[in-house]
There are 2 protein chains.
Amino acid sequence: MTRRTTGTTTIQTVADAAGVSIASVSRVLNGLTANEETIKRVNDAVKAVGYVPNSAAKSLKTNQTGQVAFAMENIGNAAYLAMVQAIQPVLRAGGYRLLLHSTDADVQDEIDVLRSLGQRYVDGLILCPLRVTRRHVAELKRAQAPVVVIGQLPKSCPNDNVRVASRPGVALAIQHLADNDRTRIALVDGPVDTVPGKARYAGYQDGLKQAGLEEDPDLVLFADFTVDGGAKAARALLQQKRPPDAIFAANDLMALGVLQAAREAGLDVPGDVAVVGMDDTELAATAWPPLTSVSLGAQERGRLAAELLLERLSEPDRPRQWVTVEPRLVVRASSGEAT
Amino acid sequence: MTRRTTGTTTIQTVADAAGVSIASVSRVLNGLTANEETIKRVNDAVKAVGYVPNSAAKSLKTNQTGQVAFAMENIGNAAYLAMVQAIQPVLRAGGYRLLLHSTDADVQDEIDVLRSLGQRYVDGLILCPLRVTRRHVAELKRAQAPVVVIGQLPKSCPNDNVRVASRPGVALAIQHLADNDRTRIALVDGPVDTVPGKARYAGYQDGLKQAGLEEDPDLVLFADFTVDGGAKAARALLQQKRPPDAIFAANDLMALGVLQAAREAGLDVPGDVAVVGMDDTELAATAWPPLTSVSLGAQERGRLAAELLLERLSEPDRPRQWVTVEPRLVVRASSGEAT
DNA sequence: TTGAAAGCGTTACCAG
DNA sequence: CTGGTAACGCTTTCAA
């Protein structure tokens, strides 16, 4: 029966109050075998002294933190937000807390997060990188905790992985527009030097080919992934001698910019020009006209990634899992009939 | 010179490699006084063995975690998202990691978060409660770590606090509508039994009084804080014998619903009916017509809360801080001239 | 079933 | 300036 002088209430405080050893308290608290009588006394003591176990001490002993981190570019981006929303409940159900890392589109930050895994402040990580460099690969291989990657990943990486095929997603949209008798379908893409930008352009070409349409270089523009970027590109497009009768934008923000440009030009959507976006964010549903958009299943990817991580955490040696989410066309008014 | 058998690389591994004591390694790592030579040897050893300090052990010793939590209802809500975006960089600059708690509009969850502070897994908490019950107050008083509260708080609470005067914010909007010659100004409010709902209603009455307008009970409706809630209420409003010529909605989502209802009714905004929202989220800017909205400074509140918390963390005994953010009317097209 | 005691990986005190 | 060592609060053997 040791007395402590400090004000902190520890397992020792409980032991003293219950008149048992700290070992017994620990056992009761962890639901291990113990005498009825002991259990009661410990539980009473816990309440009486208002004991709450110290997580640092527990972590140090068990080598588990009960925490998982999610690292992405910027939570302001609707796609990442959707992921967080899906990840959160899964982790919570599994008894894990969620830590957020915004990497601000900085590769070095992503690497740092991977490195910091050595501090063991989390049990695992969900990483959604902009693109995967050789440095990523190197760090992923030596990561000190399980990492689930959302996004494209080289086969050489040993990590669990969730991805979406955005390229066929774009083709889906082009196909849809062609089916609705659009023949001059433009692409407002993001920067070409990004992975998403390249994938969308490729999907655009695939779609045209499937629909039996020729690619017209005048109908492809690259801009920032923003409302303004989309608006500028669309203005240029709509002022051409032979303007498009449909515009596919590489994300919903750009698509909103396209809608704006169409309104400025006094054009009716979808009467004069159809518009389709990508990501199917909240913005798509609340836009006017409601925006047809290709869903890349951000929520689903988040949920799956969280589930994969929890499974890996409870079964470290299971085989590596790769899962692919299918894109889905969500049709709304903006791609309706031409007039 | 102790050898370890385990595979974990600890401070002892470094000490062995550098041929110094673990005490010296610790000193060098923490930038305390040490010999040039020693410093070099330790740093070399650290790199050589790839040492990363264990955060659980450090926390246990120092009683600091380097983590801060932010608890709010649901990060899907644009206002909370804005807060997170503002909180993140401040914490990061202060060397803290961010932990996220979604309480799902559950008072018990908020209480649990407060209680769990006893586990000491964070150094502090930013709490944005739906409303503050007596139980909140009780827990806030005995909280085991500094808590900064965003929102209304009884004077009896010892916590740092950031709030916004939403009531005068609403009055601002009503005033603006009246200035633009609107005389039948409706209120689409959230649930009356919520703090925000009450504040908005009061602000609405203030605004009418200031503008010298009579309150018409037919022009006040309560609904959910959602697009659908706003749409339903607006439909009812617009079908009345004497419909409103302006509608103030308690948040942007509801305002989008109002816009939708107006379109369905074939009414022009702002020609036939002006619409004003609240929160000034991204949705307001991208809506059509662009939505006039009252900014409640979510970003600013988040940033301030984070700053207050960091200051409190470094100076625990400073006097309690209360700061109020001013609402701001952001005028866009939806509240333009009547026809 | 229980208690004593040995760590987990750090930091910080105290001698030297 | 340095090394030995005692904590920090908990879990988990090992004996009793």
Side-chain angles (χ1 to χ4, degrees), chain A residues 1-43 45-46 49-66 117-121 123 144, chain B residues 1-43 45-46 49-66 117-121 123 144:
Chain A
M1 225 196 224
T2 320
R3 276 267 116 73
R4 0 192 59 262
T5 76
T6 127
T8 359
T9 105
T10 74
I11 202 173
Q12 181 70 61
T13 322
V14 178
D16 290 353
V20 299
S21 73
I22 63 168
S24 291
V25 176
S26 177
R27 275 185 221 108
V28 171
L29 259 29
N30 292 299
L32 300 182
T33 147
N35 187 325
E36 277 289 317
E37 166 72 5
T38 312
I39 296 183
K40 177 166 168 29
R41 295 175 64 177
V42 169
N43 284 331
V46 164
V49 305
Y51 170 73
V52 181
N54 178 300
S55 55
K58 183 171 221 157
S59 291
L60 183 54
K61 236 350 227 189
T62 63
N63 206 23
Q64 303 203 104
T65 62
L117 253 26
Q119 299 177 230
R120 317 243 39 149
Y121 63 96
D123 297 333
Q144 298 291 307
Chain B
M1 226 195 219
T2 320
R3 277 266 118 74
R4 0 192 60 264
T5 76
T6 127
T8 358
T9 107
T10 74
I11 202 173
Q12 181 71 61
T13 322
V14 178
D16 291 353
V20 299
S21 72
I22 62 168
S24 290
V25 176
S26 177
R27 275 186 223 107
V28 171
L29 260 30
N30 291 299
L32 300 182
T33 146
N35 187 325
E36 278 288 316
E37 166 71 4
T38 311
I39 297 184
K40 178 169 168 27
R41 294 176 64 178
V42 169
N43 284 331
V46 164
V49 304
Y51 169 73
V52 181
N54 178 300
S55 55
K58 184 173 219 156
S59 291
L60 182 56
K61 221 12 211 179
T62 63
N63 206 24
Q64 303 202 111
T65 62
L117 253 26
Q119 299 177 232
R120 315 243 39 149
Y121 63 95
D123 297 334
Q144 299 291 307

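Values below: all heavy atoms of this structure, side chains included; hydrogens, waters and symmetry mates excluded.
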Contacts table for residues 31-38 of chain A: side-chain donor-acceptor under 3.5 angstrom, sequence neighbours left out:
{"unit_1": "A:Asn35", "atom_1": "OD1", "unit_2": "A:Glu37", "atom_2": "N", "d": "2.9"}

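Judged as a side chain to side chain donor-acceptor pair (under 3.5 Å), and not counting sequence neighbours, the contacts of B:Arg27 are B:Ser24.
Rounding to whole angstrom units, CZ of residue A:Arg41 and C1' of C:dG3 are separated by 14 Å. Counting to the nearest Å, the C1' atom of C:dC8 and the CG atom of A:Asn63 are 9 Å from each other. Put simply, CG on B:Leu60 is 4 Å from C1' on D:dC8, counting in whole angstrom units.
Nearest to the side-chain atoms of B:Ala34 among the listed nucleotides C:dT2, D:dT2, D:dG9 stands D:dT2.
Remark: B:Thr33 is in phosphate contact with D:dC1, judged by side-chain N or O atoms under 4.0 Å from OP1 or OP2. OP1 or OP2 of C:dG3 has at least one side-chain nitrogen or oxygen of A:Ser24 nearer than 4.0 Å.
Here the side chain of A:Arg120 pairs a donor or acceptor atom with the backbone of A:Gln144 at under 3.5 angstrom.
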Margin query: Please encode protein proximity along nucleotides 10-16 of chain C as a string of B, S and -, counting only heavy-atom distances under 4.0 Å.
Written below: BBBB---
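Considering only heavy atoms from C-beta on, A:Tyr51 comes within 4.5 Å of A:Ile11 through its side chain.
Between A:Leu60 and B:Leu60, the shortest heavy-atom contact is CD2-CD2, 3.3 Å. In plain terms, the two heavy atoms of B:Asp123 and B:Asn63 that are nearest each other are OD1-O, 4.5 Å.
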